[in-house]
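Below, chain A is the first sequence line, B the second, and so on; all start at residue 1.
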Amino acid sequence: MDLMDISFKNEIATAIGRAVRSAYGDKLPEIYGAFKTDETGFDVFIESKLEIPKDIKLGDYAFPTFVLAKIVREKPVEIAGKIAGLLDNDSFSVAGPYINCTVSTSRVAETILPQIFERGGGFGGSTIGEGKKIVIDFSSPNIAKPFGVGHLRSTAIGNSLYRIFEKLGFECVGVNHLGDWGTQFGKMILAFIKWGDRKELEKEPVKYLYDLYVRFHREEEEDPSLSDDARNWFRKLEKGDSEAVELWNLFKDYSLREFERIYKILGIKFDHYTGESFYNDKMDAVIERLDKAGLTKMSQGALIVDLEEYGMTPCLLRKADGATLYSTRDLAGIFYRHESYDFHKAVYVVGSAQQDHFKQVFKVIELLGEDYADRLVHVGFGWIKFADKAMSTRKGTVIFLEDVIDTATRKATEIIMKKNPDLPDIEATAQMIGLGAIIFADLGVKKHKDVNFSWEEVLNFEGETGPYLQYTHARLSALLRKYEKDVAADVDFGLFQSLEEKALLMHLYRFDSVIEIAAEKYEPNFIAEYLLELAAVFNRFYQRKDTHGKLIKIISDNEQETGARMLLVAGVRTVMKEGLRLMGIEAPEQM
RNA sequence: GCCCCCGUGGCGUAAUGGAUAGCGCAACAGCCUCCGGAGCUGUUGGUCCAGGUUCGAUUCCUGGCGGGGGUACCA
């Protein structure tokens, strides 16, 4: 028995559809014509028009009659009255032009709660992605540069999308397309040869390389010849010059060790670390393939694919000096991923600044006539700004992600020491909370907007924050600890009477559709918004008072009532924990 | 110049084209004889401008204004 198959929405739509048919039998051909449907499709159409009223007191679903007004040439209010008169069910009511429908609380409860109870963390998942692979390219920091907070967006969004798609049954492949190739390494190598010292490098490798990088860009402004020398060094690296390769390997080893430490803290794993250098020996094949297709041409000494007729600047394959570019490497990456994974979608979680780049590259694939061209997706996002400024690696104004994690963790430790000094394993919990605050500061904002990442914002654990969600989870967990019996699913669902309980149940009911929308729009923020609302609704339920202003406790002397409420509490906790997991945030039992 | 993104109270943020624009921070006023106050309740305050489409626009279209990004040999 799967009660979810008989959704409330579907039932309501069918009832309304039936009423419309009997009210406007003579005008049905026009109605069906207007909505390009037939009798069987009509109820589906109605269902698609159902809305959730702003105020839960109005009902749980609403049908706006405006859509029919023009066709039947009657006022929406009259239509609503006429249709409602034919609905022989007192769960429907009319409010102006809307037909509102209320589902009984017990009905919602008996549908949703046993299901959460049985499926646990699997609740909200589906199998729509079964047998399909999604390659997600995310994080992708540059070797020999620090992991700054600027890298957080791709990392957090990509990791969350990975988990969201996985929950929908897709097989995900997480790829870290390390920036380990390109002219910048000519710069690093040159800078190290000019000013570097191996002993100093060993002490704090990434910091040391970063200082060299900043110095290079400072001196480059005074002495432009450095730019040419750097390009020259990159060309030598590409040709396998032993000195260049040795240094490059050295930088790469140090950096990878550093990155892996940070990913471990964040709880993120990649299936593959295939950086740009991985494609170095695949460049010729790319160019050959494009040549054969007749897409390439020389222009100003460089090899390009001309995209002018599509209103784009050309896609550069090889520079005048013979070195390849990131477009060439991304094309190689697409070919490789297609051959290796036969993906359903290949997703690139990369900043919006690179939108034109991906448009070009995807266009080239399309021009090759590849059928998977429209399955390439660039998920762009805005900048992380700190104190209203974008951070620049070159200028040395980067804020290290690890410093932010440390500061947030320290702040969490202080708060725990004050509020809950007996908490076991304070250190681990504080880190969970610090990370929760940081990740939520990112995912709490729609991806295409810039994130204003100030210390004040990250270190504030009150209001709409990660720690607020974690706190709510800890509070739910505390209730379950205090309730010494096992939670059981066979409760009296008729005991759910209050509006607060209804709101909670309806919200739990929406979880799976929120996950689907988040996946469809590649937008983890939907999960964040959903959980904030879940926490708010629960906390209102938790602190509701009777008419005398006395707190109505969840755990009371009434065993039946308590049992029912605890089933609800367990359900909310499961969804909260699972939702946080989808964002890459851990949920502490205590904090 | 051209292309893309953003513009919602003092600040931050939400709203499949729908009902009275929802939250958070800050401020002010309340709520623990406490199932965890990292919470809850209340108050003040908002859709950049001008047109258009629509029964209905924060949302869609056109044109401005403001901010950010991109605009072939960086990634």
Side-chain angles (χ1 to χ4, degrees), chain A residues 48-49 51-55 58 62 64 66-67 69-70 75-76 95-98 100 140 142 179 181-184 187 227 230-231 234 276 299-304 306-307 311-321 323-327 329-330 350-357 359-360 380-383 385 390 394 412 415-416 419-420 433 437 444-446 448-452 454 456-457 460-472 474-475 477-483 517 525 529 532-533 535-536 539-540 542-545 549 551 553-556 562 569 590-591:
Chain A
S48 75
K49 286 288 168 191
E51 298 165 3
I52 297 172
K54 297 226 156 194
D55 189 342
L58 292 167
F66 308 104
V67 287
K70 197 171 250 177
K75 288 181 179 158
Y98 291 91
N100 293 322
S140 308
N142 291 321
W181 207 245
T183 313
Q184 53 177 327
K187 294 178 184 179
S227 312
R231 269 195 286 275
F234 175 58
E276 295 185 72
S299 171
Q300 299 170 33
L303 187 69
I304 66 162
D306 193 344
L307 299 172
M312 299 180 205
T313 50
C315 179
L316 265 79
L317 301 172
R318 205 161 50 204
K319 300 194 277 184
D321 67 6
T324 57
L325 288 109
Y326 66 125
S327 299
R329 293 189 282 275
D330 269 351
V350 182
S352 294
Q354 292 191 44
Q355 185 177 306
D356 289 353
H357 161 69
K359 269 191 185 160
Q360 288 178 351
F381 50 81
W383 298 90
K385 292 184 189 166
R394 297 183 177 194
I415 296 176
I416 293 171
K419 302 192 177 194
N420 198 1
I433 296 166
V445 179
K446 285 264 180 290
H448 53 269
K449 289 190 82 154
D450 291 346
V451 176
N452 290 304
S454 64
E456 194 190 339
E457 168 121 354
N460 178 18
F461 296 169
E462 289 172 13
E464 297 178 332
T465 64
Y468 167 54
L469 300 180
Q470 291 171 315
Y471 179 75
T472 302
R475 177 182 257 175
S477 303
L479 277 170
L480 288 160
R481 276 196 303 276
K482 175 155 191 201
Y483 181 63
I517 290 173
N525 174 253
E529 295 289 339
L532 283 177
E533 182 66 17
N539 283 315
R540 281 199 283 273
Y542 181 81
Q543 296 190 40
R544 76 197 156 127
K545 290 170 179 169
L551 188 72
K553 290 190 179 180
I554 289 169
I555 297 173
S556 73
T562 304
V569 166
Q590 302 178 57
M591 61 189 268

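Across all strands shown, A/Tyr542 has heavy atoms under 4.0 Å from base atoms, whether or not it also approaches the sugar-phosphate. A/Ile433 comes within contact range of at least one nucleobase, with a heavy-atom separation under 4.0 Å. The residue A/Arg544 sits apart from the nucleic acid: no heavy atom pair falls under 4.0 Å. Using a 4.0 Å heavy-atom distance criterion, A/Ala320 is classed as a base contact. Within the nucleic acid shown, A/Lys70 comes within 4.0 Å of sugar-phosphate atoms alone, with no base atom in reach, counting heavy atoms only. If you check every strand for non-hydrogen atoms under 4.0 Å, A/Ala474 touches a base. As judged by a 4.0 angstrom heavy-atom cut-off over every strand, A/Glu51 is placed among the base-contacting residues. A/Gln354 comes within 4.0 angstrom of a base, heavy atoms only.
Computed from coordinates, the A/Leu325 CG to B/rU71 P distance equals 12 Å when rounded to whole Å. Rounded to an integer number of Å, the gap from CZ of A/Arg329 to P of B/rA75 is 5 Å.
For A/Lys446 and B/rA15, the shortest distance from a side-chain N or O to OP1 or OP2 is below 4.0 Å. Residue A/Arg475 has no polar side-chain atom (N or O) positioned under 4.0 Å from OP1 or OP2 of B/rG39. The shortest distance between the side-chain N/O atoms of A/Lys449 and the OP1/OP2 oxygens of B/rA14 is below 4.0 Å. Contact between the side-chain N/O atoms of A/Thr183 and the OP1/OP2 oxygens of B/rC74 is found at a separation under 4.0 Å. The phosphate of B/rC74 has OP1 or OP2 within less than 4.0 Å of a side-chain N or O from A/Arg231. For B/rG37, neither phosphate oxygen OP1 nor OP2 lies less than 4.0 angstrom from any side-chain nitrogen or oxygen of A/Tyr468. For A/His448, a side-chain nitrogen or oxygen approaches OP1 or OP2 of B/rC6 to under 4.0 Å.
Across the interface with RNA chain B, nearest-nucleotide mapping of A/Ser48 and A/Glu533 shows A/Ser48 to be the residue nearer the 5′ end. Ranked by how close their nearest RNA chain B nucleotide is to the 5' end, A/Ile52 and A/Lys359 are led by A/Lys359.
Pairs of Watson-Crick or G-U wobble type, with distances under 3.5 Å, assemble into runs of 3 or more in RNA chain B at these ranges: B:1-7 with B:65-71, B:10-13 with B:22-25, B:27-31 with B:39-43, B:48-52 with B:60-64.
Separating the CD1 atom in A/Ile554 from the CZ atom in A/Arg544 is a distance of 7.5 Å, to the nearest 0.5 Å. With rounding to the nearest 0.5 Å, the separation of CD in A/Gln354 from CG in A/Asp330 is 8.0 Å.
Side-chain atoms of A/Asp330 stay outside donor-acceptor range of the base of B/rA75, with no qualifying N/O pair under 3.5 Å. One N or O donor and one acceptor, one from the side chain of A/Ser299 and one from the base of B/rA72, sit under 3.5 Å apart. Donor-acceptor pairing under 3.5 Å, judged by distance alone, is present between the side chain of A/Gln543 and the base of B/rG39.
Side-chain proximity of A/Lys54 to B/rG39, B/rU13, B/rA19: nearest is B/rA19. Considering only side-chain atoms of A/Asn452, the nucleotide from B/rG12, B/rG39, B/rA72 that sits closest is B/rG12. Relative to the side chain of A/Glu276, the nucleotides B/rG7, B/rC4, B/rA75 differ in distance, and B/rA75 lies closest. Among B/rA72, B/rA19, B/rA75, the nucleotide with an atom closest to any side-chain atom of A/Tyr326 is B/rA75. Relative to the side chain of A/Trp383, the nucleotides B/rG69, B/rU13, B/rC4 differ in distance, and B/rG69 lies closest.
A donor atom on one side chain and an acceptor atom on the other are not found under 3.5 Å apart for A/Gln590 and A/Ser477. Side-chain contact annotation: A/Thr472 with A/Asn539, donor-acceptor N/O pair under 3.5 Å present.
Classification of the A/Trp181-A/Phe234 ring pair by plane angle, with boundaries at 30° and 60°, yields perpendicular.
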